[in-house]
Number of protein chains: 2
Amino acid sequence: MTESAPVHHELPIYRRIADRLRDKILSGDLHDGDRLPGENALMAEYGVARATARQALAVLINEGLAVPRRGSGVYVRLFRPIRRHGSRRLAREQWTAGRAIWDTDAHGRAYAVDQVQIEREAASEEVARVLDTGEVWVRRRRYLVDDRPVQLAASHFPADLVEGTAVVLPDTGPGGVYARLGDLGHSPAHFTEELRARMPHPRETDLLGLPAGTPIIAIIRTAYTAEGRPVEYNEMVLDAASYVLQYDFDA
Amino acid sequence: MTESAPVHHELPIYRRIADRLRDKILSGDLHDGDRLPGENALMAEYGVARATARQALAVLINEGLAVPRRGSGVYVRLFRPIRRHGSRRLAREQWTAGRAIWDTDAHGRAYAVDQVQIEREAASEEVARVLDTGEVWVRRRRYLVDDRPVQLAASHFPADLVEGTAVVLPDTGPGGVYARLGDLGHSPAHFTEELRARMPHPRETDLLGLPAGTPIIAIIRTAYTAEGRPVEYNEMVLDAASYVLQYDFDA
DNA sequence: AAGTGGTCTAGACCACCTC
DNA sequence: AGGTGGTCTAGACCACTTC
């Protein structure tokens, strides 16, 4: 009797446990910050080995739905995004009014800038291609909202354009770098944002303090003057769990 | 929470193995499609137990850098994104020229639509709020590029607006639904896209055939006529590994 | 002190792919 | 047939949190 039975795959135990827990989270049965049943609880409830219980929890952790806390438990994850307006926020009125762009984003919530680093560098191949120059000034910094890091950014400017100006000073003054570029007669007029989502590299995980299962959104924004001269190349890395991006445009 | 005071721990073995493999991938030492050292190889090379070798590989898999193939090995992952233009692609010339929007995106590559489903439904709370109606027609479908699913979409239209029109037929004719809305005197003129990135739910994982470690990009696009009437609410779910999104706008 | 998650070992059986 | 990854068990020691 060589005939074998159809291989009617059951889901593995750890997947079924994970599915049940996920349902409880997504249905609202378990709320933000609630404690999930721990490894011991799952071992007892389902009669499985510890590794299997862990495997089930790992699924939810890697999906970004739960966060483990050493010595304490596994918790349902909070999700409080900031709304970031792609088009509106860069409207000229924003920075000509002397306001920082971040006022537009983090309305009401406490925000801060961190780890500011300003350096003159040789441009990478890609930056050199876009900005059409070999030497750039780079402003790197980290943004925090409610004391939690949410974004990394590295703005690149053609060195000859900004050398000796406030663009390369720690404090760029009212309206920020865009207002300063305006002072120099190079007001940004057109923007391109190129956007990807992926899992973070270890450096990004550290700097943004990301739990497992949190993707990042990588944005490259290029700013052009009305004459079409590129004046800024800005690489941003956003904690995806902290953001909703919005773009408005016409047909 | 941000990582608390790092008590100068050494990295666990599995992390160090994962770090070395990641370096080989990111440095280009290992290329797309190359086979990584397997569990047995890692056990021998580092003198660790099987579970530890697996744990190291799991890190890379959950980062989206590697894909396991049963009975075969673990492979470096391919990354061939499609460029999707947020603003330009919806320019009126596109659909008034009778072209499908997808011609703009998947230039040159084979694309297809799949699992088309057209139904009249009661609007969800959110859709009802945005479209200002309780009854909607919904067009659900899946997009494929090079025979691989890359996007799910569900377009919602106010029922009274599109009842009995080509908008709710399988074939919407030249220029697609936007051209048909134009025929009805409701040409879309303004768009809003709201965008998040997160790990997929199991249903999305299945429909898009996503390997572990692949986030999705969820986009909600709302289309408005020149008079400000909302005429479409489109929920899209994109395989993040398959896309680069581009938005162009002015200051 | 007790409980939690983090790491690791040493086995086992299975389904699947490749040769 | 032999190698690969997928699942699972039954232990162990550790660091950390909570009480």
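In the text below, chain A, chain B and the rest are named by the order of the sequence lines, each starting its count at 1.
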Sugar-phosphate only, base, or nothing, as touched by A/R15 at under 4.0 Å among non-hydrogen atoms = nothing

A/Y14 side-chain N/O to D/dT7 phosphate OP1/OP2 under 4.0 Å = yes

Indicate the atoms forming the closest heavy-atom contact of B/T214 with B/A240, along with that distance.
-> CG2-N, 4.4 Å

What is the distance from CD1 of B/I61 to C1' of D/dG6, rounded to the nearest Å?
-> 11 Å

Answer yes or no: is there an ion pair linking B/K24 with B/D29, defined by an N-O contact shorter than 4.0 Å?
-> no

With sugar-phosphate meaning primed atoms plus P, OP1 and OP2, does B/L57 contact a base, only sugar-phosphate, or nothing at under 4.0 Å between heavy atoms?
-> nothing

Do the side-chain N or O atoms of B/R54 get closer than 4.0 angstrom to the phosphate oxygens (OP1, OP2) of D/dG6?
-> yes

Assign each of A/A51 and A/R69 to its nearest nucleotide of DNA chain C by heavy atoms, then name whichever residue's nucleotide is nearer the 5' end.
-> A/R69

Checking A/R139, A/E232, A/R221 against A/S155 for side chain to side chain donor-acceptor pair (under 3.5 Å), the one that qualifies is A/E232

Mind calculating the distance between CD (A/E39) and P (D/dC16) to the nearest angstrom?
-> 17 Å

Using the side-chain contact (heavy atoms from CB on, under 4.5 Å) rule, take B/R22 and A/H201 through it: C-alpha gap first, then chi angles, then the decisive distance, then the call.
-> CA-CA 9 Å; B/R22 189 189 303 102; A/H201 299 156; 5.5 Å; no

Does the side chain of A/N40 get closer than 4.0 angstrom to OP1 or OP2 of C/dG3 through an N or O atom?
-> no

Picking from C/dT18, C/dC8, D/dT9, the nucleotide nearest the side-chain atoms of A/V48 would be D/dT9

Could you tell me whether the phosphate oxygens of D/dT9, OP1 or OP2, come under 4.0 Å of any side-chain nitrogen or oxygen in A/T52?
-> yes

What about A/R50, does its side chain sit under 3.5 Å from the base of C/dG6 through a donor-acceptor pair?
-> yes

